[in-house]
Amino acid sequence: MQTSLKKRLEIIIEMPAVPRLEAVLEKAGVKGWTVLPAKSGRGANGSWSREGQITSAGRMVMVLVIIDPAVLDTVLERVYALLERQIGIVMVSDVQVVRADRF
Amino acid sequence: MQTSLKKRLEIIIEMPAVPRLEAVLEKAGVKGWTVLPAKSGRGANGSWSREGQITSAGRMVMVLVIIDPAVLDTVLERVYALLERQIGIVMVSDVQVVRADRF
Amino acid sequence: MQTSLKKRLEIIIEMPAVPRLEAVLEKAGVKGWTVLPAKSGRGANGSWSREGQITSAGRMVMVLVIIDPAVLDTVLERVYALLERQIGIVMVSDVQVVRADRF
Amino acid sequence: MDIFTLAEANLISPPILFFVLGLIAAFVRSDLSIPEAIAKALSLYLVMAIGFKGGVEMAAGDLNWSVGGAILAGIVLSALLPILGFGLLMLTTKVGRIDAAAIAAHYGSISIVTFIAASDAARFLDTPGEGFMVAVAAAMEAPAIVTALILAGSAARASNGAEGHGESRLSVFKEIAANGSIVLLIGAFFIGWITGPRGMEAVSPFFTDIFRGVLCLFLLDMGLVAGRGLLRNWRVLKPGVIGFGLYMPLIGALAGMGTGLLVGLEAGSLGLLMTLAASASYIAVPAALRLALPEARPAISLTLALGITFPFNLVAGIPLYFWLARLVTGTGG
Amino acid sequence: MDIFTLAEANLISPPILFFVLGLIAAFVRSDLSIPEAIAKALSLYLVMAIGFKGGVEMAAGDLNWSVGGAILAGIVLSALLPILGFGLLMLTTKVGRIDAAAIAAHYGSISIVTFIAASDAARFLDTPGEGFMVAVAAAMEAPAIVTALILAGSAARASNGAEGHGESRLSVFKEIAANGSIVLLIGAFFIGWITGPRGMEAVSPFFTDIFRGVLCLFLLDMGLVAGRGLLRNWRVLKPGVIGFGLYMPLIGALAGMGTGLLVGLEAGSLGLLMTLAASASYIAVPAALRLALPEARPAISLTLALGITFPFNLVAGIPLYFWLARLVTGTGG
Amino acid sequence: MDIFTLAEANLISPPILFFVLGLIAAFVRSDLSIPEAIAKALSLYLVMAIGFKGGVEMAAGDLNWSVGGAILAGIVLSALLPILGFGLLMLTTKVGRIDAAAIAAHYGSISIVTFIAASDAARFLDTPGEGFMVAVAAAMEAPAIVTALILAGSAARASNGAEGHGESRLSVFKEIAANGSIVLLIGAFFIGWITGPRGMEAVSPFFTDIFRGVLCLFLLDMGLVAGRGLLRNWRVLKPGVIGFGLYMPLIGALAGMGTGLLVGLEAGSLGLLMTLAASASYIAVPAALRLALPEARPAISLTLALGITFPFNLVAGIPLYFWLARLVTGTGG
Ligand SMILES: Nc1ncnc2c1ncn2[C@@H]1O[C@H](COP(=O)(O)O)[C@@H](O)[C@H]1O
Ligand SMILES: Nc1ncnc2c1ncn2[C@@H]1O[C@H](COP(=O)(O)O)[C@@H](O)[C@H]1O
Ligand SMILES: Nc1ncnc2c1ncn2[C@@H]1O[C@H](COP(=O)(O)O)[C@@H](O)[C@H]1O
Ligand code: NA
Ligand code: NA
Ligand code: NA
């Protein structure tokens, strides 16, 4: 099947900052994304778990964004500007998709 | 450690269609998969969130399938046939696994 | 943007064994990880679903670990030693990150 | 009781006000939200309670022909209303054939939440319906879908392509019938019927006493979801379609009234049948249609059913239907 | 009360019927399902309520030696029943040593949900057990695991390999003792004991009044999970193993009866001890065994305990045990 | 009632004991846990119930100037207490300017859960507060944040950089005001006010009868979360900071007492105002500060508010504040 190369951006970010991240993505012209829940984790800022929590502070989710390699740098820079202040990490990898025009 | 190359298929698909996708995978001889929940998202069909929802329509999950490169094309074609009618996207990437015979 | 290559380890493992996996990771000097929930799945050990369950036996989660390629082999070996006895699978892939020193 | 008294009694009841609070919270972009698991559990509880209570009432009353008549009336309404709805949509709006059929399926089928709210309101308004109306509600879920699939006709068949052939209408019918909320409704109804008042005694603190309070929490969620759905998708709703979401319930209610009078329902049950006919599904039908008619855009029908028709029925429709039902049956003052 | 009256009273009670509804819904492939978070919360609530009530009864009654005797009886049963179970499995089935030990651990330990259902049934059947039976239930959770690990013996030790050495039986014992449901059961028991009837007064609408209704919802879930487990995994259950899942509860119940008579329990508490001995764990033990005995295949023991033995106990076992308990203690008519 | 009787009555009440059980379970590393969805739902229920009841009491009582006075008192306390807290932290600890401002914001704002527990204890201790205290609680949530942002001052402004300019204090204020629990509290308050005692009658089994039982379950969760938070993060808390978490509530309570006396509150309401002033937010403020002051380390303020101050207030503070409130208003024996 005919596939084309895209970039897969994964952003693990603290929950209160998700609306801001979405605003950043929207502003950068990103057409779609998916937010995946996370259960628990550990990092430089300590460990966390969502069990029993009633506040969104100190908890992470993972935002998955498939974008065109052409816009990767712009998007990455803006996302990174946000992540310099909020807790979170970014990863980038390669991915093949079928309907290239959709991303 | 001895690892071998497999293909990682990720299918973000609307929930009501998951049983069909599973039937397609089973028919194609796929041995295993994992369904991951999603929280919210946006795409060409608008944005959605699982918060407070009581219907499975209009919500997505992510199905992760590790398969052998040899069967990728067959599986991809069948999955894509389903996704032409249902809301969803497919991604393919490379992955190394340890026990190659299990996939 | 300046990115550097890391390894992305994904471990789908039965829930009761997660504390052990975390102990293994900690012992191996891994600095961070994220545990993602899973909804259902199928494999050599049969199919499972978290719907309505009150025991953690027979259910999976996905542990995502970004590590330096230099330590991959050590970590992989220890994780695999655990997975030889517990139900689960491991995948390894490449990923680019921005702040290399954090992983 | 005149219509204003009824409307006021309905409007200032806690359940309706919590629904309005949910709408407001959504519109002021509050982050108030009910977790999905809780929303699902609340709906399961309400369905279970309403089914059980209906069954207990069946056990207390005596089984007679009017039950069969009412169920038949429901099936006929569900099967025929989509034709009317489809025709109106094709005539007055620009939505395509497939989308029109999908919307029509929603309006022919019923909203179990609206039914629950109406049952509660009926008690509040001192015109409770009979227990067998639960069975009528269950019977009305599926027929509309079959009609809608026939209406969608060749367009759907073509797009289903080769694989579509396997997808018979019967299988869709089965899928709907095995839908969780319907199985639970019918199951709880039979359990109530079997265990009767003695069974109710044992569980009434859970199934009866806290019912209306739980309904408040659930309608808060429905308000949030309806409000957010509107905010997200109001653009897909053209004025003609919104109009349909407001007048179709009235047409459905009148059809329900006629049919209900024919089979001799009394005021409470008649009000419930009118509400059922007026309501539009947003749990079972949307999910089923994603498989049976995937070409239909879910945003249109879901937003219309949940964002327009549900609030309309809840706030204005239900008191109106019950007022009418009392009027035509000559009940009350 | 003869056994048929008891069986019927049990069978047509709403909790049991909702369990059966869950089974049916699973078998007809309905998509009815209770979210995981809700299922967990329901089980926490039930454990908390049963523990608290037991404690309050302790505060009301007077503490005497029979409590210690009953707890000791429970520990002995839990520690020794796995030997019997293991022997029977090795003799009559083809499951391996490790799997046999794992299954035996489930049957030596107890199912807290079965205990809760039995406590409720006991009230329904007018033979309530005493408050301290909660402590007996808690004491019976862990010993069986230790026995099973000894039974699994060299095979397990070998496969544990180098790292396995760190894994002492004590650590497994600790892990079970820190299991959430046991901590909650014991904690709630002590809280009930400390606050006594005055504390109960303040919380009885939540912990007592709605209890049976919540149990209905929970057993609906158990029916769904048991039914789906059977559908998924019935292939792993050979006839001999299924037989074990049906006669082992009876053997356990008889052992429980003997031990309970020895320590002088009255009818209600005796019925509960028999139920405990007859029941097989499917919350704490399965999770603990995944660590202590990972070579055992969880599909076998879980499907057997939840899919065969639990329904058997719930529907047929409990009335039988209570009928026997009344008979041998000379209680009732 | 002397302070020991009050303290004992508070301590051996089921809600407090379940909180302690949660702490113990966390400390013994039990895997007991309440699913997130349930914890959120319990808190929504409690907020809804407390708001609704407050509103119903408003409808029953008569609206007068003291309500305005109490709300004003609350706003002043919330706006000024952070200055005191900030000064004390800068003087006695080594936390930086930003962290000190963040902590001060938590202590100026209020913990709605502490308020709920205090309302329940107040009833238990026979000194219920007035309905309007719900409005006071709502009014005290946000002002502290604005003060804290001013205190964080130039440091925050610099780090916010170019984008930070868009982030006005007003927008933070709005964000807090649209926070789910505040919208629900105020909304439920107005619904209670509108529907009055008649509305309450319809829903009291849910909102009143089971309230304290639900509170038990919720405080069990709070104990688990507080205990685990401490286990995870106690290292970030230096002794000076822990000290602040213990004496700041007392200072807040005294400030609350003075202000409350000024506006003429009676014993119950005074005790509640003192509790509000003494409590530290751990739902709304932590989330808001992650956006308004992201440089602050959440581990410090959250662990302090939930792990130190909340247990202190719950176990020792509340009876102390109510004893003092009764003393200075000359209430009771
Ligand atoms: N190496 C890693 N691999 C996977 N997830 C990580 C890693 N490091 C951090 N995270 C996630 O990102 C969150 C924030 O990271 P940190 O800012 O390092 O505390 C952690 O709590 C984890 O959930
Ligand atoms: N570029 C993307 N990256 C990640 N997820 C996406 C993307 N596009 C779409 N999705 C997900 O797929 C769903 C359906 O996509 P669509 O059909 O474009 O609306 C969306 O709601 C998202 O959850
Ligand atoms: N090929 C696969 N792709 C994705 N997930 C898998 C695959 N095989 C197994 N899994 C997951 O790993 C779990 C355990 O696998 P197994 O030991 O093969 O039963 C399964 O239940 C799935 O959730
Ligand atoms: Na209808
Ligand atoms: Na047993
Ligand atoms: Na405060």
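The model shown is predicted, which means the values in this text are computed figures rather than measured ones.
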Handout entry: Other residues, nucleotides, ligands: >12 heavy atoms within 6.0 Å of E:R232 CZ
Key = yes
Practice task
For chain F, find which of E:G187, E:A202, E:A287, E:G199 contributes the most heavy-atom pairs closer than 4.5 angstrom.
Solution key: E:A202
Handout entry: Flag side-chain contact, heavy atom, 4.5 Å: F:C216 against E:F52
Key = no
Problem - Proximity of residues 206-214 of chain F to chain E, residues having a non-hydrogen atom under 4.5 angstrom - result: F:D209, F:I210, F:R212, F:G213, F:V214
Problem - Interchain contact, F:L217 with chain E, by part (heavy-atom threshold 4.5 Å) - result: both
Problem - Contact listing (chain F partner; residues 189-198 of chain E; heavy atom under 4.5 Å) - result: E:I191, E:I194, E:T195, E:R198
Completion exercise
Within residues 32-45 of chain E, the residues sitting under 4.5 Å from chain F by heavy atom, in sequence order, are E:A37, E:I38, E:K40, E:A41, E:L44
Fill in the blank from the handout: Cut-off 4.5 Å, heavy atoms of chain E, and the answer for F:L220 is side chain
Practice task
Look at F:I24, F:I12, F:L224 and state which one has the largest set of heavy-atom pairs under 4.5 Å with chain E.
Solution key: F:I12
Exercise for the section: Select all residues of residues 129-140 of chain E having any heavy atom within less than 4.5 Å of some heavy atom of chain F, and report them by number, or 'none'. Expected result: none
Handout entry: Per-residue contact mode, E:A188 against chain F (heavy atom under 4.5 angstrom)
Key = both
